Amino acid sequence: MFTIATWNINSVRLREGLVARLLREEAPDILCLQECKSPVDKIPLDQFRALGYRWIVARGQKGYNGVAILSRLPLTDAGDRDYARLGHARHVAARLENGVTIHNMYVPAGGDIPDRTVNEKFGQKLDFVAEMRDVFHADNPQRSILVGDLNIAPREDDVWSHKQLLKIVSHTPIEVDHLLSAQDAGRWVDVTRQDIPSGLLYSWWSYRARDWDAADKGRRLDHIWASPDIANAAHNSRILRPVRGWDQPSDHVPVLASFDL
DNA sequence: ATGGTCGATGCTCGA
């Protein structure tokens with residue numbers, strides 16, 4: 001059995017202490033981070049290594065994006081893909097000794113206006129997710145786990161108000177269609193919703209609220225998917241809402257799942 | 001309809 005966590009950390013250097021706290025308190029076997037906002041050689045790896053996370057696979061760039069996989073189980077670098085040819089560090093994969101492949105993804109946020117004719121970033125987001133669909137269609141994932149900040153909340157109960165968010169980037173019908181097409185192309189199972197089939201679930205709350213907890217205007221942007229051959233091994237999904245209340249928090253909280261493999 | 005807050009960078013952009 002192993003546990004995996006995904007967390008958009010919004011600067012791994014600023015929040016090195018929060019990462020260490022999560023590793024100490026939850027001790028996931030694998031932690032996938034997004035928005036590290038750091039070149040790989042400036043990620044503070046020594047503290048993570050000291051906590052037992054000796055295997056690290058990462059892609060980085062200065063100031064923006066960046067993905068990293070910290071693991072206390074041996075794993076090897078399984079490459080990356082430049083989805084939508086953006087030249088951004090938004091994907092990296094790793095392989096465990098049991099043959100399981102882990103994809104760590106950071107889908108573009110997509111800007112404010114949900115119209116690709118006036119907002120290039122929205123088009124890039126759609127293209128990114130469409131390429132995910134094509135890749136998974138061409139080569140159906142097996143013994144694979146996909147985690148990350150997908151920046152789309154697909155279900156009505158993944159947002160605080162379905163109606164009020166229909167024209168808000170992250171919950172527009174075209175984004176949801178794209179995400180579900182990518183999920184379906186790979187026969188991916190949404191592990192979090194397999195474990196927690198109903199009810200409101202959020203993994204992100206904006207910084208721009210006076211009181212994020214009281215307002216509770218969240219969205220489920222962070223996901224854990226599994227290929228169908230291992231999806232029944234998944235259990236014990238959790239979203240760590242209290243982490244949003246830690247000092248100097250990320251606007252995202254960790255999402256976890258366990259796999260009996 | 002608007003503005004609200006973060007982080008990295010370097011006096012602005014992306015989220």
Side-chain angles (χ1 to χ4, degrees), chain A residues 6-22 32-45 58-68 82-91 104-116 118-129 147-154 158-161 163-172 175-176 178-179 202-223 241-255:
Chain A
T6 179
W7 192 11
N8 177 318
I9 193 62
N10 189 14
S11 174
V12 70
R13 282 186 276 176
L14 186 70
R15 287 185 241 287
E16 172 183 356
L18 271 62
V19 174
R21 180 174 171 186
L22 183 79
C32 296
L33 298 171
Q34 304 87 34
E35 265 205 286
C36 296
K37 291 185 171 179
S38 173
V40 173
D41 62 8
K42 292 190 175 177
I43 297 175
L45 298 179
R59 297 293 185 273
Q61 62 187 95
K62 184 180 176 184
Y64 302 98
N65 311 311
V67 286
D82 181 17
Y83 285 90
R85 291 179 173 251
L86 299 172
H88 296 172
R90 294 182 177 274
H91 169 251
N104 182 15
M105 317 264 326
Y106 176 44
V107 172
D112 289 331
I113 304 169
D115 179 349
R116 66 181 307 153
V118 294
N119 171 19
E120 181 184 38
K121 288 202 279 286
F122 192 71
Q124 292 170 347
K125 180 180 195 175
L126 296 179
D127 292 346
F128 191 107
V129 179
V147 308
D149 176 5
L150 305 185
N151 263 316
I152 299 171
D158 289 337
V159 294
W160 65 275
S161 169
K163 190 175 176 186
Q164 286 179 259
L165 289 174
L166 276 171
K167 294 182 179 178
I168 303 297
V169 173
S170 73
H171 192 62
T172 62
E175 290 170 89
V176 171
H178 274 59
L179 189 70
Y202 311 142
S203 66
W204 172 90
W205 293 260
S206 172
Y207 283 126
R208 300 179 193 178
R210 281 182 213 138
D211 184 338
W212 70 272
D213 194 27
D216 201 19
K217 293 183 174 180
R219 309 176 198 170
R220 187 172 72 104
L221 304 178
D222 303 275
H223 300 267
R241 179 186 177 109
V243 172
R244 186 63 176 78
W246 288 1
D247 285 342
Q248 269 208 297
S250 169
D251 43 356
H252 296 252
V253 299
V255 179

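Since we're looking at a predicted model, the values are computed, not measured. Every chain is numbered from 1 and lettered A, B, ... according to where its sequence line falls, protein lines coming before strand lines.
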Check your understanding: Among side-chain atoms of A/Gln34 and A/Thr6, is any donor-acceptor pair under 3.5 angstrom?
Key -> yes
Practice item. Quick one: label A/Arg90 by what it contacts on the DNA or RNA (base, sugar-phosphate, nothing), any heavy atom closer than 4.0 Å. Key: sugar-phosphate
Check your understanding: Could you give the CG-to-C1' distance, from A/Leu150 to B/dA15, as a whole number of Å?
Key -> 16 Å
**Study point:** Nearest-Å distance once atom P is located in both B/dC6 and B/dT2
**Key:** 23 Å
Point to revise | Listed partners of A/Arg220 passing salt bridge (charged side-chain N to carboxylate O under 4.0 Å, His left out), at least two apart | key: A/Asp158, A/Asp190
Point to revise | Spacing between A/Asp112 atom CG and B/dA15 atom C1', to the nearest angstrom | key: 9 Å
**Study point:** Rounded interatomic separation in angstrom, taking CD1 from A/Ile113 and P from B/dA15
**Key:** 14 Å
Review point. A/Arg241: what forms a salt bridge (charged side-chain N to carboxylate O under 4.0 Å, His left out) with it, not counting sequence neighbours?
Key: A/Asp213, A/Asp216
Review point. A/Asp127: what forms a salt bridge (charged side-chain N to carboxylate O under 4.0 Å, His left out) with it, not counting sequence neighbours?
Key: A/Arg116
Exercise for review: Go along nucleotides 4-12 of chain B 5' to 3' and tag each nucleotide: B for a protein heavy atom under 4.0 Å from its base, S when only backbone or sugar atoms are that close, - otherwise.
Suggested key: BBSSSS---
Practice item. Can you tell me the distance, in whole Å, between the CD atom of A/Gln34 and the P atom of B/dA15? Key: 14 Å
**Study point:** Whole angstrom value for the distance that separates C1' of B/dA15 from NZ of A/Lys121
**Key:** 9 Å
Check your understanding: To the nearest angstrom, how far is A/Trp204 atom CH2 from B/dG14 atom C1'?
Key -> 13 Å
**Study point:** Main-chain N/O of A/Ala89 paired to A/Gln61 side chain as donor or acceptor, under 3.5 Å
**Key:** yes
Review point. How far, in whole Å, is B/dA15 from B/dG3 if one measures between their C1' atoms?
Key: 16 Å
**Study point:** B/dT9 and B/dG14, which share atom name P, separated by this distance in whole Å
**Key:** 14 Å
Exercise for review: List for me each residue that meets ring-ring contact (aromatic ring centres under 6.0 Å, His included) alongside A/His91, sequence neighbours excluded, and say none if there are none.
Suggested key: A/Tyr83, A/His103
Check your understanding: Under the salt bridge (charged side-chain N to carboxylate O under 4.0 Å, His left out) test, which residues partner A/Arg15, sequence neighbours left out?
Key -> none
Review point. Can you check the A/Asn119 CG to B/dG14 P distance for me, whole Å?
Key: 10 Å
